[in-house]
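Being a predicted model, the structure only gives us computed values, none of them experimental. One-based numbering along the sequence shown.
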Amino acid sequence: MRSGEDHPTELSTGPAARTAGDDLDAGRAEPPSPTTFTRAEWRATLSLAGVYALRFLGLYMVLPVLSLYARRLPGSTSFLTGMSLGAYGFTNMLLVLPFGVLSDKIGRKRVIALGLAIFSAGSFVAASASTIVGLLAGRALQGAGAVSSVVVALIGDVTRPEVRARAMAILGTALALSFAVGVIAGPSLAGEFGVQSLFLLTGVLSLGGMLLMVVAVPNPAHVHHYEEYEPRVRQMGPLLLQHDLLTLDLGMFMLHLALTALFVVVPILLEPLLPAYHLWRVYAPIIFLGMAIALPTMTYAERTGSVNKVLAAGITLFGSSFVLLRFASHELAGIAAGLAFFVTALGLLEPTLTTLLTRYTTRETRGTAAGVFNMSGFLGAFVGGALGGLLLEEHEALFLVLACASLFWLAAAIRLRRI
């Protein structure tokens, strides 16, 4: 399960042009194998994956316990509790494009360093907050360090097209592992040291990522403009009118709306049933079960050309999870079953949506389509925080709304073209 916090789409192919990865290996006695990482490419890819993992690990540690912490702060209301999760998505959505433009002008590494510094500052603000307003300010400032797409662009600058798909896969794996480790470890650490310590750790990890980038990530000889990775504002209007792409954007919106809303509500539902520092006992088996089902299913779907069928099945499972939660949210077993359905659906749907995005776009439009796709996820996280907060005391109504919205999404998905 991946969070609606912040994660770009890692698209798998690139333009067949000379890249900084070639420049990094200039002067070698023998040209690199077309399908093998060079030493410089390995170093750059693994370093950037480490930067990615360090940034998100602390962030994901906080998520399972954030609503429990926020609702106890002075000045907190149900709505503001939800916004303590959603504020991150709002500022991320606003600034992801400006950071991309800035990276073209002053360089990727400088912008990533700036974003990590802003994210770290937001973490320290949140750690020192004594009221809900201070926490909201810290979370919004965390989201303002919106440089994930710049990291993806830098991967493009330091690798050749022949190995770029594997580099992106490594980046995605680092993100998934960070999520799994963070969500499982966070509750225990919060129980031992307090939630404020998690924010401090998040800030320190982000600074560690900055140091790793400065020391280990090579400077690209050139900053390239890849249509597959960089959105173009002038293309957004026409792409928003395409049913297939709009349906995928709706899916990304729905996934992260639901994920954020659940992180608002479910920890509070579990509180009387299980101490917060034992939440890992629920999350760990559910995450591993979801991965065990989703990974082979996606492999099978790619091999047999049944991605659209997996999408429909995933949405059905997604909606069913809220029906379960609607009628069984007062029992630990019922909540665990609903979450297991949801996590499995999430593991199926997110890679399916990304796969379909690559099929419904061309190289010239893919970067813009991916930008809108990712911004839809950030918007969903913001709306999910707001909706989860508004319906925190009426959680059964929240699950009913999400179940009904799933039917609307399924109806749209059935009309997708088969490719």
Q: Report the relative orientation of the aromatic rings in Phe90 and Phe382; use parallel for angles under 30°, tilted for 30 to 60°, perpendicular for over 60°.
A: tilted

Q. Aromatic rings Phe56 and Tyr60: how do their planes relate, parallel, tilted or perpendicular, breaks at 30° and 60°?
A. parallel

Can you check whether [Y]'s main-chain N or O pairs, donor with acceptor, with [X]'s side chain at less than 3.5 Å?
| X | Y | answer |
| --- | --- | --- |
| Thr173 | Ala169 | yes |
| Ser120 | Leu116 | no |
| Ser206 | Thr202 | no |
| Thr159 | Glu41 | no |
| Arg43 | Ala216 | yes |
| Lys109 | Leu154 | no |
| Arg139 | Ala87 | no |
| Arg415 | Ala411 | no |

Q. Under the criterion side chain to side chain contact (heavy atoms under 4.5 Å, CB included), which of Leu391, Leu392, Leu390 is the partner of Phe79?
A. Leu390

Q) Between Leu346, Val282, Val183, which is the residue that forms a side chain to side chain contact (heavy atoms under 4.5 Å, CB included) with Ile287? A) Val183

On a heavy-atom basis, which atom in [X] and which in [Y] lie closest, and how many Å separate them?
| X | Y | answer |
| --- | --- | --- |
| Ala412 | Leu250 | CB-CD2, 4.4 Å |
| Ile286 | Ala336 | CD1-O, 3.6 Å |
| Gly290 | Thr344 | CA-OG1, 3.8 Å |
| Ser47 | Leu212 | O-CD2, 3.5 Å |
| Asn92 | Ala146 | OD1-CB, 3.0 Å |
| Ala167 | Ile155 | CB-CG2, 3.9 Å |

Once you round to the nearest 0.5 Å, how far does [atom1] of [X] lie from [atom2] of [Y]?
| X | Y | atom1 | atom2 | result |
| --- | --- | --- | --- | --- |
| Leu398 | Glu393 | CG | CD | 12.0 Å |
| Ser78 | His395 | OG | NE2 | 12.5 Å |
| Leu248 | Thr354 | CG | OG1 | 9.0 Å |
| Leu402 | Leu257 | CG | CG | 6.5 Å |
| Leu357 | Thr352 | CG | OG1 | 12.5 Å |
| Tyr52 | Ser178 | OH | OG | 10.0 Å |

Q) Listed by chain and number, what are the side-chain contact (heavy atoms from CB on, under 4.5 Å) partners of Ile335, not counting sequence neighbours? A) Val266, Leu269, Leu270, Leu273, Leu325, Leu339

Q | Residue list, side-chain contact (heavy atoms from CB on, under 4.5 Å) with Ser321, at least two apart or on another chain | A | Phe341, Phe342

Q: Determine whether the side chains of Thr81 and Ser67 contain a donor N or O and an acceptor N or O closer than 3.5 Å.
A: no

Q.
Quiz question: by atom type and distance under 3.5 Å, do the side chains of Ser103 and Arg108 form a donor-acceptor pair?
A. yes

Please examine the side chains of [Y] and [X], heavy atoms only from C-beta on, and report whether any two atoms are closer than 4.5 Å.
| X | Y | value |
| --- | --- | --- |
| Leu200 | Val204 | no |
| Tyr88 | Leu66 | no |
| Val150 | Leu102 | no |
| Ser406 | Phe322 | yes |
| Phe199 | Ser128 | no |
| Pro74 | Ile132 | no |
| Met252 | Glu350 | yes |
| Gln242 | Tyr360 | no |

Q.
Please determine whether the number of non-hydrogen atoms from other residues, nucleotides or ligands lying under 6.0 Å from atom CD of Glu394 exceeds 12.
A. no

Q.
Just to verify, what does Trp409 make a ring pair (Phe, Tyr, Trp, His ring centres under 6.0 Å) with, not counting sequence neighbours?
A. Phe318

Q | side chain to side chain contact (heavy atoms under 4.5 Å, CB included) between Phe37 and Arg160, intermediate numbers included | A | CA-CA 9 Å; Phe37 281 107; Arg160 291 164 293 135; 5.6 Å; no

Q. Arg71 and Glu271: salt bridge (Lys or Arg N to Asp or Glu O under 4.0 Å), yes or no, with the steps?
A. CA-CA 12 Å; Arg71 74 192 304 230; Glu271 187 176 25; 3.7 Å; yes

Q | Derivation and outcome, side chain to side chain contact (heavy atoms under 4.5 Å, CB included), residues Leu48 and Ile170 | A | CA-CA 10 Å; Leu48 284 170; Ile170 290 171; over 6 Å; no

**Q.** Verdict with reasoning, Val125 to Gln142, per side chain to side chain contact (heavy atoms under 4.5 Å, CB included)
**A.** CA-CA 9 Å; Val125 169; Gln142 281 185 318; over 6 Å; no

Q: Test Val51 against Arg55 for side chain to side chain contact (heavy atoms under 4.5 Å, CB included), laying out the working first.
A: CA-CA 6 Å; Val51 171; Arg55 179 183 187 273; 5.6 Å; no

